[in-house]
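In each ligand, atom 1 is the first atom listed, and ligand 1 is the first ligand listed. When a residue number appears, it is its place in the shown sequence, counting from 1.
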Amino acid sequence: MTGIRLDSVSKVYDSRHLAVDKVSLEVAAGEFMVLLGPSGCGKTTLLRMIAGLEELTDGELWLGRTRASGLAPKDRGIALVFQSGALYPNRTARDNIKFPLQIAKQDPVEVNEKVSGLARILKIGAALDRFPRTLSGGERQRVAIGRAIVREPQIFLMDEPLSNLDATMRTELRQEIGAMARDLNVTTVYVTHDQVEALTLADRIAIMRDGRIEDVGTPAQVYSDPATAFVAGFLGTPRINLMSATVRVTARHRVSLDLGGQSIALPTIDRRSIILSKHDGIRVIVGGRSDAFTVSADGGVDGLAGRLRALEFHGDRWIAYVESGIEMVNPDLVGVDAAARRRSQRTTHDGRHTKHAVPDSEPAAPVSALRRLTKAFRQSKDAAAAPPAEPTHRRADLVLEVDPAAGLTAGAKVTFAVDTARLHIFDEEGHRVDRVTH
Ligand code: ATP
């Protein structure tokens with residue numbers, strides 16, 4: 001088994017689009033790593049660099065103990081599966097899967113055993129003797145995965161393999177991919193923008209934004225202890241509530257979060273109080289997921305107050321939209337300045353969004369001048385003065401989970417208790433400021 005190491009890897013397209021920006025990441029041998037992030041954040045580019053389909057502009061890539069630069073894609077021990085794996089139309093599913101082994105002149109008995117084993121894991125036994133045109137999208141993708149993995153690659157790379165399938169097939173095949181990766185114990189890097197796929201499949205998730213990794217950890221770590229407000233906002237449904245607040249410290253060293261007209265006091269035993277007391281008078285962002293609040297009819301609890309604007313039934317729970325007058329922060333825009341937002345509107349020659357287009361006046365830089373380009377890019381961010389398309393802060397509803405037994409109706413006044421232990425506090429740039437180091 002082979003692990004992967006990326007050391008400060010960057011990719012600049014056409015000498016001007018910084019798609020991947022000094023990414024360092026280690027994927028352990030046998031690990032299932034998911035690259036998660038919004039469209040255009042650089043996931044596919046990173047994957048293609050690992051596969052050898054894109055050259056690195058800067059940095060180093062190691063596959064096991066081998067430095068990958070100069071290694072042709074076919075010599076990297078890598079198998080790739082894309083959104084829709086192309087199959088040979090005139091070969092049956094079985095022959096499609098067998099093909100790479102036949103080319104390698106492997107023993108036919110062993111080949112048959114391998115195909116049967118994979119067919120069992122991928123649940124395509126009944127489809128093996130059919131031609132691709134008679135298979136469903138999900139079956140075709142299973143065959144494509146089988147064909148990629150049958151060569152027993154050292155590393156398995158998948159780029160949104162489920163995105164063309166309907167919801168039921170996605171769930172089924174997701175489970176099969178998870179089972180296959182566990183059974184075969186192959187080092188896997190899986191690209192998706194779907195948080196459910198990431199949370200359910202990954203050993204660890206690397207969350208990307210604008211060409212950088214913002215957070216890496218197990219699904220439980222990145223969900224429960226996100227490094228940035230963007231990560232907190234990207235994971236979880238409904239989205240986390242991000243409230244704009246100011247830290248206040250009382251004469252008795254009690255820390256409270258002033259939400260403008262309402263406030264949340266941290267218990268004195270909360271170990272984060274010591275750290276936060278250093279931020280007296282500083283604006284912060286307070287993150288709380290919907291289940292960190294307990295709503296009840298007015299007067300029921302001592303907490304924040306608001307008016308229940310709407311209630312939504314989500315099958316397993318009710319979600320309440322509460323007008324509270326608290327200024328809310330858009331997680332997508334935290335830490336993104338006006339220039340980056342303006343650039344995000346631009347499109348590349350092929351019509352895809354680019355988050356990193358350097359202004360037109362910037363002279364094209366040679367590939368080796370990455371540092372100069374990066375500096376220019378950062379300076380262009382600082383110099384930008386374009387008004388934001390959408391405000392970062394705005395009055396918006398708090399989104400909370402409610403107990404149907406509480407008998408609440410739209411329009412009612414409500415109060416809601418806050419589980420302060422489950423709040424995350426970020427600075428205005430979106431970085432955590434409340435982490436207690438042990
Ligand atoms: P998606 O989920 O939409 O595929 P992604 O996170 O995989 O997005 P990439 O495809 O890696 O993102 O693209 C990262 C950035 O690089 C984007 O701004 C994209 O427009 C740009 N880009 C990608 N390929 C090229 C290319 N061949 N030439 C120029 N720019 C490119």
Hey, can you tell me if W318 and F313 have their rings parallel, tilted or perpendicular (30° and 60° cut-offs)?
tilted
Using a 3.5 Å distance criterion without hydrogens, assess whether the side chain of R142 forms a donor-acceptor pair with backbone atoms of L122.
yes
Check contact between E160 and ligand 1, using heavy atoms of the residue and a distance below 4.0 angstrom.
yes
Answer yes or no for G211: is there a heavy-atom contact with ligand 1 below 4.0 Å?
no
So if I count the atoms of ligand 1 from 1 in the order they appear, which ones are less than 4.0 Å from some heavy atom of P38?
6 (O)
Should K43 be counted as touching ligand 1, given the test is an N or O pair under 3.5 Å?
yes
Using a 4.0 Å heavy-atom threshold (strictly under), name the region of D14 that reaches ligand 1: side chain, backbone, both or neither.
side chain
Any salt bridge (Lys or Arg N to Asp or Glu O under 4.0 Å) pairs touching residues 62-76, not counting sequence neighbours?
E60-R67
Find all atoms of ligand 1 within a distance of less than 4.0 Å from any non-hydrogen atom belonging to G40, and give their numbers and elements.
1 (P), 3 (O), 5 (P), 6 (O), 8 (O), 12 (O), 14 (C), 15 (C), 17 (C), 18 (O)
Report the residue from P331, P226, P38 that forms a side-chain contact (heavy atoms from CB on, under 4.5 Å) with F234.
P38
For ligand 1, which atoms sit closer than 4.0 Å to a heavy atom of C41?
5 (P), 6 (O), 12 (O)
Can we say E55 and K11 salt-bridge, meaning some charged N sits less than 4.0 Å from an Asp/Glu carboxylate O?
no
Using the rule given for side chain to side chain donor-acceptor pair (under 3.5 Å), can you reason through Y13 versus T57, listing the C-alpha separation, both sets of side-chain angles and the distance that settles it, and then say yes or no?
CA-CA 9 Å; Y13 283 114; T57 309; over 6 Å; no
Report the residues that fulfil side chain to side chain contact (heavy atoms under 4.5 Å, CB included) with R317, sequence neighbours left out, ordered by chain and then residue number.
P238, H314, I319, E401
Can you tell me how the ring of Y88 sits relative to the ring of F99, calling it parallel under 30°, perpendicular over 60° and tilted otherwise?
perpendicular
Heteroatom distance test (G42, ligand 1): nitrogen or oxygen, under 3.5 angstrom
yes
For atom 13 (O) of ligand 1, tell me which residue out of V12, L18, L35, T45 has the closest non-hydrogen atom.
T45
Looking at T44, which atoms of ligand 1 are within less than 4.0 Å of one of its heavy atoms?
4 (O), 5 (P), 7 (O), 10 (O), 11 (O)
Go through ligand 1 atom by atom and flag the ones less than 4.0 Å from a non-hydrogen atom of A19.
14 (C), 15 (C), 16 (O)
